[in-house]
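One-based numbering along the sequence shown.
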Amino acid sequence: MRLDGFDLSNVHFTWSPSNKPRLYIKPGDEVEVLIPDSSTNQIKYDFKTEDMHKIDESKFDGAVGPIYVEGAEEGDTLVVTLKKIEVGNWGWSAILSNFGLLKGLFKEKLVIWDIKDGYAIAKDFLKGIKIPISPFLGVIGTAPKFGELPMIPPHSSGGNMDNRLLTEGSVIYFPVNVKGALLSLADPHASQGDGEVSGTAIETSARVIIKVDLRKGERIDTPKAFVSINDTGKQIVTMGIDKEPVTAARKAVLNMVEELKGRGLSGEEAYILCSVVGSLKMSEVVDEPNYVVSFTIPEKIININA
């Protein structure tokens, strides 16, 4: 099955339970999804900084979908495996005057990158520097139960988490809030640092293959994942999403404690384990008003067979 996000009729710009499904699948199905860059094809390879005024910022992070999963109901958990992420042959980054952790300190700047042979190289910028690519999706999530949410801030069902841990091979768990789950994907990145501090990564397009499974009656409140990080092996990832960074950090750790308790540890055991082997990271700091903090623990420490 295939869903083409370059057909903009398959793209939406808010999270809502009323978004019309663009593809119907069953648990266990694999789907190929073609995803435009975060400008939704507005930025072109030959653009210069002075062309940025042409961009409609309300069209940033257009999400491909939603995908309706048959049998999914409120209280279930959707399991998405990122089987393949193939990025485009070019990308872009930018300094935007009204966005980013240091907004207002620098002039606007657009950087175009060539992507080839596993590296990104900037045109007429950062000379002599090659960035190893590590592709992931900045946006992936399910629909909220009520209302309409904007695309930029992340929310409790995922969305614009900009979490660079969620690379190819990751298995991500999402809460199901509405019938069909309504899964959507967007914002491919060729590379990004923790925090995405300027407000952009190496933004690009992607061809993605996902496998979607369903866990009936297994409710979660916030996304979690199993990922592989360099030479450290598979990691458990829990996330906290909140308007206050410290509260987001607390939520990330509390979610890990609950995950470990579900694996047979006591609360006290889980808390100590988090303190001695866990890693707390600010994954996203710019998509105001919400922040994403990730907490990871090596799977081998507790011998989980995920």
Backbone N or O of Met239 within a donor-acceptor pair of the Ser294 side chain at under 3.5 Å?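 Checked: no pair found.
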
Under 3.5 Å, is there a donor-acceptor pair between the side chain of Asp76 and the main chain of Gly217?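 Such a contact is found between Asp76 side chain and Gly217 backbone.
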
Regarding [X] and [Y], do their side chains bring together a donor and an acceptor under 3.5 Å, going by distance alone?
X: Ser156; Y: Thr222; result: no
X: His12; Y: Ser184; result: yes
X: Tyr45; Y: Asp114; result: yes
X: Ser283; Y: Asp194; result: no
X: Asp51; Y: His53; result: no
X: Ser16; Y: Thr14; result: no

Do NZ/NE/NH1/NH2 and the carboxylate oxygens of [X] and [Y] come within less than 4.0 Å?
X: Glu74; Y: Lys179; result: no
X: Glu32; Y: Arg2; result: yes
X: Asp221; Y: Arg219; result: yes

Of the non-hydrogen atoms in [X] and [Y], which two are nearest, and what is the gap between them?
X: Asp37; Y: Trp92; value: OD2-NE1, 2.9 Å
X: Ala201; Y: Glu196; value: N-OE2, 3.0 Å
X: Ala143; Y: Ser157; value: O-OG, 4.1 Å
X: Leu166; Y: Phe136; value: O-CB, 3.3 Å

May I ask you to establish whether [X] and [Y] are in a cation-pi arrangement, using a distance under 6.0 Å from NZ or CZ to the six-membered ring centre and at most 45° from the ring axis?
X: Lys224; Y: Phe295; answer: no
X: Lys20; Y: Tyr68; answer: no
X: Lys59; Y: Phe13; answer: yes

CD/Glu218: more than 12 non-hydrogen atoms of other groups inside 6.0 Å: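 Yes - once you tally the heavy atoms of other residues, nucleotides and ligands closer than 6.0 Å, there are more than 12.
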
Crowded around Lys216 NZ? As in, over 12 foreign heavy atoms under 6.0 Å?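 Yes, because the 6.0 Å sphere around NZ of Lys216 holds more than 12 heavy atoms from other groups.
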
Could you state the interatomic distance from CD (Glu203) to CZ (Phe60), rounded to the nearest 0.5 Å?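 If we round to the nearest 0.5 Å, Glu203:CD and Phe60:CZ are 8.5 Å apart.
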
Separation between NZ of Lys243 and OH of Tyr291, rounded to the nearest 0.5 Å: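 So the gap between those two atoms works out to 11.0 Å.
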
So if I apply the side-chain contact (heavy atoms from CB on, under 4.5 Å) rule between Ser93 and each of Ile202, Ile112, Ile131, which one comes out positive?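 Only match with Ser93 under side-chain contact (heavy atoms from CB on, under 4.5 Å): Ile202.
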
Passing candidate, side chain to side chain donor-acceptor pair (under 3.5 Å) with Glu30, options Lys83, Lys211, Lys84: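 Of Lys83, Lys211, Lys84, side chain to side chain donor-acceptor pair (under 3.5 Å) with Glu30 is met by Lys83 alone.
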
May I ask you to test the Leu182-Ile67 pair for a side-chain heavy-atom distance under 4.5 Å?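 The answer is no; the side chains never approach within 4.5 Å.
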
Could you state whether Ile35 and Met1 fall into the same hydrophobic cluster, counting links through intermediate Ile, Leu, Val, Met, Phe, Trp or Tyr residues with side-chain heavy atoms under 4.5 angstrom apart?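 Shared cluster, yes.
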
Mind running salt bridge (Lys or Arg N to Asp or Glu O under 4.0 Å) on Lys26 and Asp29 for me, showing each step along the way? CA-CA 6 Å; Lys26 296 178 180 179; Asp29 283 345; over 6 Å; no

